[in-house]
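The block underneath contains the structure these notes are about, expressed in structure tokens.
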Amino acid sequence: MNHLLRLIYIMELEKKKDVTTIRRELVRSSRGVSKWKIDGKSANEGNVKDLVEKEMNIQIGNLCTFLPQEKVGEFSAFDDVGLLRETE
């Protein structure tokens, strides 16, 4: 059985033709510690949250932000168990 040792994901956020790249690396051997980069420069989780929430005006704590508008009403009606089931 293969076990995940490292996970890297990259997001590109576009605002008025400017593209910002956020990179997160999780390494299992470092007990889940994340390494963040914004446009190739070292950052921390707080820097990323500030960028996304304040500069990009994206509410990362609000899952409905990431849903197509026609699904928001349906999603907001779920209880905690339903939310977990639908987001797995």
Side-chain angles (χ1 to χ4, degrees):
M1 175 183 273
N2 291 331
H3 295 287
L4 180 66
L5 299 177
R6 184 170 75 159
L7 169 71
I8 297 172
Y9 68 83
I10 298 169
M11 291 184 294
E12 290 183 341
L13 303 173
E14 184 176 341
K15 183 178 180 181
K16 296 183 181 178
K17 296 187 181 182
D18 289 328
V19 178
T20 301
T21 302
I22 298 172
R23 181 181 191 266
R24 182 179 187 188
E25 179 178 353
L26 291 135
V27 181
R28 185 175 183 172
S29 62
S30 63
R31 299 179 190 251
V33 175
S34 294
K35 295 179 185 177
W36 295 90
K37 289 188 178 187
I38 299 174
D39 290 332
K41 297 176 185 171
S42 291
N44 61 41
E45 186 174 354
N47 300 132
V48 173
K49 283 184 178 179
D50 284 347
L51 171 76
V52 172
E53 292 179 341
K54 294 177 182 171
E55 294 182 35
M56 299 288 194
N57 199 26
I58 298 172
Q59 300 171 351
I60 57 176
N62 180 358
L63 295 176
C64 291
T65 301
F66 303 99
L67 290 174
Q69 198 61 41
E70 63 271 7
K71 295 286 187 181
V72 171
E74 179 183 322
F75 190 77
S76 62
F78 289 129
D79 61 6
D80 290 344
V81 173
L83 283 173
L84 180 61
R85 186 177 298 121
E86 292 299 318
T87 57
E88 287 186 312

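- Ile10 and Ile58 are assigned to two separate hydrophobic clusters, defined by single-linkage of ILVMFWY side chains at heavy-atom distances under 4.5 Å.
- Every salt bridge (charged side-chain N to carboxylate O under 4.0 Å, His left out) that Lys49 has, sequence neighbours left out, goes to Glu45.
- A distance of 8.0 Å separates CZ of Arg24 from CG of Leu7, quoted to the nearest 0.5 Å.
- Interatomic distance, Glu55 CD to Thr20 OG1, rounded to the nearest 0.5 Å: 8.0 Å.
- Tracing side-chain contacts under 4.5 Å through hydrophobic residues (I, L, V, M, F, W, Y), one reaches Tyr9 starting from Ile22; they form part of the same cluster.
- Annotation: salt bridge (charged side-chain N to carboxylate O under 4.0 Å, His left out) contacts of Glu25 (sequence neighbours excluded): Arg6, Arg23.
- Rounding to the nearest 0.5 Å places CE of Met11 at 9.5 Å from CD1 of Ile38.
- Between Asn44 and Trp36, the closest heavy-atom pair is C-CD1, 3.9 Å.
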